**Q** 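Sharing a structure, written as structure tokens. Questions coming.
None of the values given here were measured: they were computed from a predicted structure.
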Amino acid sequence: MSQLPPAPPSLQELRQEIDGIDEAMHRLLMQRGDIIDRLIQVKQTQEVGSAFRPAREADMMRRLVQRHHGILPLDTVESIWRVIISTFTFVQAPFSVHADISASEPAMRDSARFHFGFTVPYIAHFSAQAAVEAVSKSKGDLAMVSATSNRTPWWLSLESRGAPKIIARLPFIERPDHPAALPVFVISRVADSAMVTEVETWSIRVSGWNAEIARALSPLAEVMAVPDKAFDGAALLISLTAATGIDSIRAALIEAGASIRSTALVGCHATRYTVG
């Protein structure tokens with residue numbers, strides 16, 4: 001006689017399993033906190049500067065996407081991990097997020113809360129320049145500026161030595177219907193050794209800017225341009241991969257008829273991870 005299949009677990013049994021998992025996750029978070037506490041003590045004697053580690057965060061998020069499966073939405077997992085990372089960074093070295101809301105206040109607030117949670121203070125500014133200036137005056141704050149904000153050349157204030165730099169571009173994981181889809185540059189002071197240099201961001205000022213020159217650059221890099229009437233030119237913010245290189249951009253500009261007035265590296269960030 002064939003054996004009957006085992007009876008499915010009861011609702012009570014399943015709920016007990018969930019309760020056990022919830023308790024285990026909480027214990028692991030507290031254990032992570034204990035390690036961060038020890039890390040803070042080590043940093044007091046071995047390390048100085050910002051607690052942000054863009055290269056490490058990018059690696060963590062890539063591994064998260066690669067191992068994820070099942071019915072739990074990736075949006076939820078990404079948000080949980082971003083809040084965990086940001087909150088423990090805040091615990092190590094408190095900071096605020098200065099957000100440029102000139103493009104869209106609701107979209108910028110959604111991005112800030114999705115990526116940094118509610119523990120980190122959120123401070124709204126009505127221009128990109130004001131957000132960047134606030135970070136320039138701080139020890140370790142962040143600025144969030146729309147990656148399409150080209151009303152003024154706000155990136156010029158990132159050119160000088162010691163100025164804050166672009167350290168990330170969000171969302172890191174790009175997919176259709178992302179709940180925090182506004183493209184955003186994150187700006188702060190971070191040690192060079194902690195940066196990820198897959199994409200470089202350059203401030204380039206040119207004379208002789210026109211639509212034909214813009215078309216010549218479009219296959220090589222992402223470009224934002226603000227007209228500069230005084231020199232019949234433009235201030236450009238150019239994002240390019242290491243494979244392209246700044247020399248290729250200079251050559252393309254000159255070949256298209258532009259005169260380069262200045263170039264300055266104003267940051268770098270990880271390559272965006274696209275899914276879906």
**Q** Do any N or O atoms from the side chain of S149 and from the backbone of V145 form a donor-acceptor pair under 3.5 angstrom?
**A**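 No.
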
**Q** Tell me whether the centres of the aromatic rings in F95 and F52 are closer together than 6.0 Å.
**A**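 Ring-ring flag for F95/F52: true, centres closer than 6.0 Å.
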
**Q** Shortest non-hydrogen contact from S96 to D141?
**A**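 The answer is N-OD1, 3.0 Å.
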
**Q** Which value, rounded to the nearest 0.5 Å, describes the distance between L156 atom CG and D228 atom CG?
**A**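 These two atoms lie 9.0 Å from each other.
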
**Q** Do other residues, nucleotides or ligands put more than 12 heavy atoms under 6.0 Å from D192 CG?
**A**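 Check fails, neighbour count at 12 or below.
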
**Q** Answer yes if V77 and L28 sit in the same cluster of Ile, Leu, Val, Met, Phe, Trp and Tyr residues linked by side chain heavy atoms under 4.5 Å apart, and no otherwise.
**A**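 Cluster IDs for V77 and L28 differ.
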
**Q** Working to the nearest 0.5 angstrom, can you tell me the gap between I173 CD1 and H68 NE2?
**A**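 Those atoms lie 9.5 Å apart.
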
**Q** Taking R189 for its side chain and K165 for its backbone only, find out whether a donor-acceptor pair lies under 3.5 Å.
**A**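 No; judged by distance alone, with no hydrogens or angles, the pair does not exist.
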
**Q** Give me the atom names and distance for the closest heavy-atom approach of P179 to D110.
**A**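 That would be O-CB, 4.4 Å.
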
**Q** Under 3.5 Å, is there a donor-acceptor pair between the side chain of S86 and the main chain of V83?
**A**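 Side chain of S86 to backbone of V83, a donor-acceptor pair under 3.5 Å: no, none is there.
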
**Q** Step by step, would you call F185 with M144 a side-chain contact (heavy atoms from CB on, under 4.5 Å)?
**A** CA-CA 6 Å; F185 284 125; M144 296 179 67; over 6 Å; no

**Q** Whether R175 and D75 form a salt bridge (side-chain N of Lys/Arg under 4.0 Å from carboxylate O of Asp/Glu) is what I want to check.
**A**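 So D75 pairs with R175 through a salt bridge.
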
**Q** Just so I know, are the side chains of F90 and P121 near enough to count as touching, which here means a heavy-atom distance under 4.5 Å?
**A**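 Yes, at least one pair of side-chain atoms sits under 4.5 Å.
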
**Q** Compile the donor-acceptor pairs under 3.5 Å between side chains in residues 216-224 and protein atoms, sequence neighbours left out, one pair per line.
**A**
from: S218; atom 1: OG; to: R215; atom 2: O; distance (Å): 2.8
from: E222; atom 1: OE2; to: R272; atom 2: NH2; distance (Å): 3.1

**Q** Using a 4.5 Å cut-off on heavy atoms from C-beta on, say whether the side chain of W155 contacts that of Q129.
**A**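 Result no, sub-4.5 Å side-chain heavy-atom pair not found.
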
**Q** Show your reasoning for whether side-chain contact (heavy atoms from CB on, under 4.5 Å) applies to E174 and H178.
**A** CA-CA 7 Å; E174 290 199 335; H178 194 292; over 6 Å; no

**Q** Pick from L158, V266, L142, I167: which one makes a side chain to side chain contact (heavy atoms under 4.5 Å, CB included) with I187?
**A**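 Going through the options one by one, the only one that passes is L158.
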
**Q** Less than 4.5 Å apart, side chain to side chain, heavy atoms only: is that true for L182 and L170?
**A**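 Result no, sub-4.5 Å side-chain heavy-atom pair not found.
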
**Q** Do L265 and E200 make a side-chain contact, defined as non-hydrogen atoms from C-beta onward lying under 4.5 Å apart?
**A**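 Counting from C-beta outward, L265 and E200 do come under 4.5 Å.
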
**Q** Are the side chains of L39 and F88 in touch, meaning some heavy atoms are under 4.5 Å apart?
**A**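 Sidechains of F88 and L39: no contact.
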
**Q** By the side-chain hydrogen bond (donor to acceptor under 3.5 Å, both in side chains) test, which pairs, at least two apart or in different chains, include something from residues 242-255?
**A**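 The answer is T241-T244, D247-R250, R250-T263.
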
**Q** State whether the side chain of H115 and the backbone N or O of S111 hold a donor-acceptor pair below 3.5 Å, judged by distance alone.
**A**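 Confirmed, H115 side chain pairs with S111 backbone.
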
**Q** Looking at residues at least two apart in the chain, or sitting in another chain, which of them share a side chain to side chain contact (heavy atoms under 4.5 Å, CB included) with A124?
**A**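 For A124, the residues satisfying side chain to side chain contact (heavy atoms under 4.5 Å, CB included) (neighbours in sequence not counted) are I101, Y122.
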
**Q** Quick one: which residue pairs count as a salt bridge (Lys or Arg N to Asp or Glu O under 4.0 Å) with a foot in residues 55-65, not counting sequence neighbours?
**A**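 As it turns out, the salt bridge (Lys or Arg N to Asp or Glu O under 4.0 Å) pairs with a partner in residues 55-65, which skip direct neighbours, are E57-R82, D59-R63, R62-E198.
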
**Q** Quick one: are P73 and T76 in side-chain contact, heavy atoms under 4.5 Å?
**A**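 A side-chain contact exists here, since the closest heavy-atom pair is under 4.5 Å.
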
**Q** Should we count CG of D177 as having more than 12 external heavy atoms under 6.0 Å?
**A**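 Open: at most 12 neighbouring heavy atoms sit under 6.0 Å from CG of D177.
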
**Q** Set out, in order, the CA-CA distance, both residues' side-chain angles and the distance that settles side-chain contact (heavy atoms from CB on, under 4.5 Å) for R151 and S102, then state yes or no.
**A** CA-CA 10 Å; R151 298 177 184 177; S102 60; 3.7 Å; yes

**Q** Using only atom types and a distance under 3.5 Å, with no angle test, would you say the side chain of S146 pairs donor to acceptor with the backbone of T148?
**A**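 Looks like yes, one N/O pair under 3.5 Å.
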
**Q** What heavy-atom pair brings C268 and T201 nearest, and what distance separates the two atoms?
**A**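 So the two residues come closest at N-OG1, 3.7 Å.
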
**Q** Angle class for the H98/H125 ring planes (parallel below 30°, perpendicular above 60°, tilted otherwise)?
**A**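 Judged by the thresholds at 30° and 60°, the geometry between H98 and H125 is tilted.
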
**Q** R27: what forms a salt bridge (Lys or Arg N to Asp or Glu O under 4.0 Å) with it, not counting sequence neighbours?
**A**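 Salt bridge (Lys or Arg N to Asp or Glu O under 4.0 Å) list for R27, sorted by chain: E23.
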
**Q** What's the spacing between S193 OG and R53 CZ if we round to 0.5 Å?
**A**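 Taking OG in S193 and CZ in R53, the distance rounds to 6.0 Å.
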
**Q** Please round to the nearest 0.5 Å and tell me the distance separating atom OG of S262 and atom CH2 of W202.
**A**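 Those atoms lie 11.0 Å apart.
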
**Q** Which pairs count as salt bridge (Lys or Arg N to Asp or Glu O under 4.0 Å) when at least one residue sits in residues 87-108, sequence neighbours excluded?
**A**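 Listed once each, the pairs are E105-R109.
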
**Q** Just how far is it from atom CD of E159 to atom CZ of R205, taken to the nearest 0.5 Å?
**A**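 Reported to 0.5 Å precision, the distance equals 4.0 Å.
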
**Q** What are the two closest non-hydrogen atoms of A242 and T197, and how far apart are they?
**A**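 Residues A242 and T197, closest heavy atoms: CB-O, 4.4 Å.
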
